Amino acid sequence: MQDPSTLASRSPRAVILIDLDCFYAQCEHVRDPALSTTTPVGIQQKNIIVTANYAARLRGVGKLMLVHDALRACPDLAIRNGEDLTHYRAYSKQIWATLRAHFPAPCAIERLGLDEFFIDVTDAPVHPDSETGQLPGDCHAVGDLAGDDLLAVEALVSASWWAHTARHHILTECGFTTSAGIGPSKLAAKLVSSLHKPNLQTVIAPAMVAVYVAGLPFRAIPGLGSSVRKALREHFPTITDSTTVADLTTLLPTAAAWARIAGARVGPTLAALCRGIDSSLVIDTPTTPTQLSVEDAFASPTPSITDLESRLFTLLQSVLARFDTELGAPAVPKSLRVTIRTRSSGFKRTSASAPVVGGLRWRADENAVLRVARGLLRKLVAGGVGGAVDVGDVNLINVALVHFDVPSSSTAAGAAQPTLLAQWARAGPRAAVLDGGGETTGPVHDRAARARLDLNDIAARIRPDLHDDDDVLVLVEHDDAADRMAILMACPFCAASVAPWSWDVHMVAHDADDNID
DNA sequence: TGGGGTCCT
DNA sequence: AGGACCC
């Protein structure tokens, strides 16, 4: 039997990069077919045109151009606001689903941003149309495919047809034109994908990759960002924007030389990329993201912390709504994070986060979550506990749910979803008083105060990594039938509500599940 | 200069 | 908690 990891790392691979042409602009055209593709369209976020359709590009509108400059270049530019990404996300998801349907496992599909998809077709069948040895009509080639290694060429001709097929499906099923690059690695596919645009594709012969890379301006290397560029310029003052990869290889002939500039991890990787060598694999993009965030930038200073809080609350509603619609019940975030950006410190960001224990039911817990988020904001901004930043200096807020647990589906089905009253508690000896979302009547308050000890205990059992005085979110259920507070933790593995006294037994049951698996 | 994301330290 | 990278 073949070792799957050996199979997966078989080299060279056949990799496709599908790139949606001016994605946001196409989304507007697909959503509104009455919008003619001959009218110039720009997508605006705050003061910037982030994307423009090809009619606008012909008129001199570029990516990330100030709205003012764009309108000066093209006064009749039709502007659509693109600050809300909802529709763009939905189209991206539809396109991903289309690709997945036509490229099932073992083909890996990796998404980059909303508009790029790597597909590994190394282990796909030979494409039926590739048997003549001809490339698809809309496929350009870099280098002489016929002169290259025979097996490698067959794989890339087949891959070119698969790319053609994928693009056809995206066009007919989703309505989007795409460009594509095809090559023996992610690097190769990526670098040639933009050679012929829009609505065209390019394949590169394996023997040409190193030559092709060597002739590019060095900033074209993916992974070589602004930080490395700065370090390079400091070491070699002769470097300019037109310095090529080949020039750089002369200056930095070895991985060790690169390591001195870019560090022991990044340096050797960049040294290889500059020689056209990229062994990285296409990795299936997981269905559950590692984080979910919503942010808003604002130009004019916010007058007071209260105004800042109301912005924060709006963002929170929006991230919670996205959590509901995009991730659904089973996913459980491990922490909540608030980030701000200030003008005075060079647009740097600072953040604060609070762990979440056992999961959150947003509908019921909204007030508690708002209080947590406000506490985090006040940690960051003057007027709060430790904040050193002036309110008016803040020009961006970001709210994020971070690191989701997705419980195994077997036990999640049919789990009870009781009505919950969420409580914001501070674990540890300096615990804050639970205030039941304003319901501080005698009996409930007494029970809550008593309950706090249980909560701390439970928190410690579920997340032993938490420190005693960490802020944590916990859940308290109000048992309507019995008219009393009950502490039920949402199990992070199956989302069932579990009483503290049965927690250990419940966890043992999960251990048994794992052993069966 | 936007509104998102990823992974590493 | 932040940095560097990607779109």
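Computed from a predicted model, the values in this text were never measured in an experiment. Below, all heavy atoms of this structure are taken into account, side chains as well, without hydrogens, waters or symmetry copies. Just so it is clear: chains get the letters A, B, ... in the order the sequence lines come, proteins before strands, and each one is counted from 1.
Heavy atoms of A/Val266 sit nowhere under 4.0 angstrom from any nucleic acid atom. Looking at heavy-atom distances under 4.0 Å, A/Leu66 makes no contact with the nucleic acid at all. Looking at heavy-atom distances under 4.0 Å, A/Lys190 makes contact with sugar-phosphate atoms alone, never a base.
Remark: P of B/dG4 and CG of A/Leu396 are 10 Å apart, rounded to the nearest angstrom. Taking atom CG on A/Leu85 and atom P on B/dG4, their separation rounds to 5 Å, with Å as the unit. Note: CZ (A/Phe23) to C1' (B/dG2) measures 16 Å, nearest angstrom. At whole-Å resolution of the value, CG in A/Asn395 and C1' in B/dT1 are 11 Å apart. Going from atom CG of A/Asp296 over to atom C1' of B/dG3 covers 10 Å, rounded to whole Å. Distance, A/Leu401 CG to B/dT6 P: 13 Å, rounded to whole Å. Taking atom CD of residue A/Glu326 and atom P of nucleotide B/dG5, one finds them 8 Å apart after rounding to whole Å. What separates CZ of A/Phe117 from P of B/dG5 is a distance of 14 Å, to the nearest Å.
Checked for salt-bridge contact, A/Asp120 and A/Arg13 meet the test: a charged N lies under 4.0 Å from a carboxylate O. Ion pairing between a basic and an acidic side chain is recognised when a charged N comes within 4.0 Å of a carboxylate O; A/Asp284 and A/Arg100 show such pairing. Comment: A/Arg349 engages A/Glu295 in a salt bridge, judged by a side-chain N to carboxylate O separation of less than 4.0 angstrom.
Note on ring orientation: taking the six-membered ring where Trp is involved, the planes of A/Phe404 and A/Phe323 are parallel (angle under 30°, cut-offs 30° and 60°).
Nearest nucleotide to the A/Ser226 side chain, out of B/dG2, C/dC5, B/dT6: C/dC5. Here the nucleotide nearest the side chain of A/Glu295, chosen from C/dA4, B/dT9, B/dG3, is B/dG3. In this structure, of B/dG5, C/dG2, B/dG3, it is B/dG5 that holds the atom nearest to the side chain of A/Leu292. In this structure, of C/dA4, C/dG3, B/dG3, it is C/dG3 that holds the atom nearest to the side chain of A/Lys348. The side chain of A/Ser293 approaches B/dG5 more closely than any other nucleotide in the set C/dA1, B/dG5, B/dG2. In this structure, of B/dT9, B/dG4, C/dA1, it is C/dA1 that holds the atom nearest to the side chain of A/Ala352. The nucleotide whose nearest atom lies closest to any side-chain atom of A/Val228 is, among C/dC5, B/dC8, B/dG2, C/dC5. Comparing B/dG4, C/dG2, B/dG3 against the side chain of A/Arg89 picks out B/dG4 as the nearest. For A/Gln291, the listed nucleotide lying nearest its side chain is B/dG5; candidates were C/dA1, B/dG2, B/dG5. Nearest to the side-chain atoms of A/Ser351 among the listed nucleotides B/dT1, C/dG2, B/dT6 stands C/dG2.
Ring centers of A/Phe23 and A/Phe176: under 6.0 Å apart, within the cut-off.
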Quiz prompt | Stepwise salt bridge (Lys or Arg N to Asp or Glu O under 4.0 Å) test for A/Asp32 and A/Arg80 | solution = CA-CA 11 Å; A/Asp32 176 12; A/Arg80 295 285 188 277; 3.8 Å; yes
Exercise. Kindly indicate, with the supporting measurements, whether the criterion salt bridge (Lys or Arg N to Asp or Glu O under 4.0 Å) is fulfilled by A/Asp19 and A/Lys190.
Key: CA-CA 9 Å; A/Asp19 186 345; A/Lys190 168 110 190 163; over 6 Å; no
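The shortest distance between the side-chain N/O atoms of A/Arg341 and the OP1/OP2 oxygens of B/dG2 is below 4.0 Å. OP1 or OP2 of C/dC5 has not a single side-chain nitrogen or oxygen of A/Arg219 nearer than 4.0 Å. For B/dG5, neither phosphate oxygen OP1 nor OP2 lies less than 4.0 angstrom from any side-chain nitrogen or oxygen of A/Arg111. OP1 or OP2 of C/dA1 sits under 4.0 Å from a side-chain N or O of A/Ser353.
Of the two residues contacting DNA chain B, namely A/Asp84 and A/Thr288, the nearest-nucleotide position lying further toward the 5' end is that of A/Asp84. Residue-to-nucleotide proximity on DNA chain B shows that, of A/Arg265 and A/Phe347, the 5′-proximal contact is made by A/Phe347.
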